[in-house]
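Values below: every heavy atom of this structure, side chains too, minus hydrogens, waters and symmetry copies. In listed order, ligands and their atoms are each counted from 1.
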Amino acid sequence: MDSKYEVVIGLEVHVQLTTNTKIFCGCSKDFGQEPNSQTCPVCLGLPGALPVLNKQVVEYAIKTGLATNHSITPRSIFARKNYFYPDLPKGYQISQFELPICQHGWLDIETEESGKKRIGITRIHMEEDAGKLIHTDGNSSAVDLNRACTPLLEIVSEPDMRSAEEAIAYLKQLHQIVTYLGVCDGNMEEGSFRCDANVSIRPWGQEEFGTRAELKNLNSFRFIKQAIEYEVERQIDVIEDGGKVVQETRLFDPDSGVTRSMRGKEEAHDYRYFPDPDLVPLVVSEDWVERVRAELPELPAAKIRRYSEQLGLSEYDAGVISAERPTADYFDALVTLYPNAKICANWVMGEVSRALNENAIAIADCPVTPELLAGVLGRIEDNTISGKIAKTVFEEIWSSGGSKTADQVIEEKGLKQVSDTGAIEAILNEIIAANQGQFEELKGGKDKLMGFFVGQVMKASKGKANPAMVNELMQKKLAE
Ligand code: ADP
Ligand code: MG
Ligand code: ZN
């Protein structure tokens with residue numbers, strides 16, 4: 001990237017909420033239904049139909065606002081954003097303008113390039129989504145209004161990011177927070193979490209911002225990064241060639257990796273915003289805010305801190321385990337039952353995630369529940385089984401669909417570790433007798449052969465000999 005220019009990025013994120021019904025009517029908002037089957041006079045925009053605000057949407061907005069350090073506006077206002085498009089039957093979108101529900105938030109991000117940094121969030125407002133146009137053939141388009149009136153939160157950042165890397169770090173954290181809260185399913189391909197990136201450049205040291213382009217159609221983290229990087233190069237070229245960046249909306253084309261001009265950018269005054277006379281001001285009491293605050297789950301940043309500072313996990317392990325809430329929930333349950341965090345983390349990131357991946361199962365549906373896994377770990381701890389046999393036990397519990405406990409599997413399959421000195425010594429004696437030459441070499445100082453003997457005993461005992469005991473007995477034999 002050309003070092004003559006500083007990059008400035010501000011992001012607008014649209015989060016589709018997981019409520020059962022739409023924001024201003026009782027219609028279901030299921031994805032992928034028969035076109036126009038999830039509609040009523042309100043979301044069809046029929047004359048005289050009146051919107052009624054969905055309380056759950058407000059609750060989710062407050063939750064998201066608190067989790068991202070906003071103040072909640074005690075009395076916020078819905079406004080009409082006027083524009084014409086065939087997917088918007090009323091001719092306006094109900095949104096919030098001057099008094100959004102959440103204001104002045106922030107998130108702390110961390111990147112390799114610039115370390116820890118606070119990104120300001122200007123506001124979060126509630127709004128309804130538009131319908132969808134389906135371009136059937138060359139000459140006509142169909143309108144599907146199932147998505148009309150679907151509840152959205154729009155989260156608008158300050159122009160505080162200075163690289164694609166920072167933008168991605170911010171977005172990933174926001175994505176993690178809304179999915180942790182359960183207010184959004186986070187599915188970017190289906191458009192549940194979508195982002196517009198505003199990008200400009202300015203010469204280093206210049207106070208004033210450059211003219212920005214707004215990039216749309218960014219439905220994966222990878223595309224967002226590609227689009228921003230392409231756009232920065234494009235703007236540098238324009239300026240270096242003596243031209244001017246124009247304020248416009250550009251579309252990212254994932255196939256070619258370029259952004260293309262879509263339309264000139266509207267200004268807020270083009271939308272003729274005004275308070276919606278059909279909706280009364282929204283009053284949110286302090287009690288309500290405090291109740292929601294008290295119910296917030298532990299968020300990823302707090303989890304990472306607790307895992308590393310209190311449980312002694314590495315930053316890396318803490319990050320992996322807290323990345324998705326179901327994994328963190330599993331780990332939290334496991335570590336309460338078996339309080340050795342490092343061992344729990346190794347199993348969750350090792351055997352558990354391997355088996356889940358192989359079988360394409362989500363951790364919430366893992367047949368080896370935290371209770372069952374804690375049972376396995378307990379048997380390693382009390383020397384009933386070795387760590388190696390424990391993997392077999394895990395597999396057996398898995399294939400029983402979680403209907404067997406570690407103890408049952410160990411009993412049925414005879415997997416109990418042999419810790420009986422006599423039995424192990426008998427095996428050892430046989431092996432020494434059969435490999436007299438090697439034993440003498442070992443005695444003579446060829447230490448590498450130690451592994452060979454231990455391995456032979458483990459093999460002869462089908463992995464059930466207690467390895468620590470085998471080692472100890474070998475030492476004794478050598479000293480004889
Ligand atoms: P609009 O709603 O018309 O897109 P806003 O003023 O609400 O305009 O800003 C939208 C986003 O653009 C915000 O995230 C803001 O941080 C960002 N932004 C504003 N100016 C710039 C700029 N010069 N460069 C990059 N981002 C910008
Ligand atoms: Mg915008
Ligand atoms: Zn409806």
Charged N to carboxylate O under 4.0 angstrom, [X] versus [Y]?
| X | Y | value |
| --- | --- | --- |
| Asp332 | Lys303 | yes |
| Glu154 | Arg123 | no |
| Lys81 | Asp270 | no |
| Asp287 | Arg291 | no |
| Lys29 | Asp129 | no |
| Arg212 | Glu214 | no |

Practice item. Please determine if the Zn ion (ligand 3) has an N/O/S atom from Cys40 lying under 2.8 Å away. Key: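 Looking at Cys40, which is the residue asked about, there is an N, O or S atom under 2.8 Å from the Zn ion (ligand 3).
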Check your understanding: What pairs with Arg354 under salt bridge (charged side-chain N to carboxylate O under 4.0 Å, His left out), at least two apart in sequence or on another chain?
Key ->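 Only Glu351, Glu358, Glu395 meet the salt bridge (charged side-chain N to carboxylate O under 4.0 Å, His left out) criterion with Arg354.
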Exercise for review: Report the member of Ser200, Ala213, Ala197, Ser157 with the shortest heavy-atom distance to atom 16 (O) of ligand 1.
Suggested key: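 Comparing heavy atoms across Ser200, Ala213, Ala197, Ser157, the nearest one to atom 16 (O) of ligand 1 lies in Ser157.
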Review point. Evaluating non-hydrogen atoms only, which member of Glu12, Arg212, Glu158, Arg123 is closest to atom 8 (O) of ligand 1?
Key: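 Ranked by closest heavy atom to atom 8 (O) of ligand 1, first place is Arg212.
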Check your understanding: Is there any N or O on Thr211 that sits under 3.5 Å from an N or O of ligand 1?
Key ->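 N/O-N/O distance under 3.5 Å: no.
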Point to revise | Ile9, any N or O under 3.5 Å of ligand 1 N or O | key: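 Not met; the criterion fails.
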Under 4.0 Å from any heavy atom of [X], which atoms of ligand 1 are there?
| X | result |
| --- | --- |
| Leu11 | 14 (O) |
| Phe209 | 23 (N) |
| Val156 | 13 (C), 14 (O) |
| Gly210 | 23 (N) |

Exercise for review: Could you please compute the angle at the Zn ion (ligand 3) from SG of Cys43 to SG of Cys27, rounded to 10°?
Suggested key: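 Centred on the Zn ion (ligand 3), the SG/SG angle is 110° (to 10°).
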Review point. Is ligand 1 under 4.0 Å from a heavy atom in the side chain of Asp160, in the backbone, in both, or in neither?
Key: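 No part of Asp160 comes within reach of ligand 1.
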Point to revise | Side-chain donor-acceptor contact under 3.5 Å, Gln96 with Ser76 | key: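 Distance-only check passes for Gln96 and Ser76.
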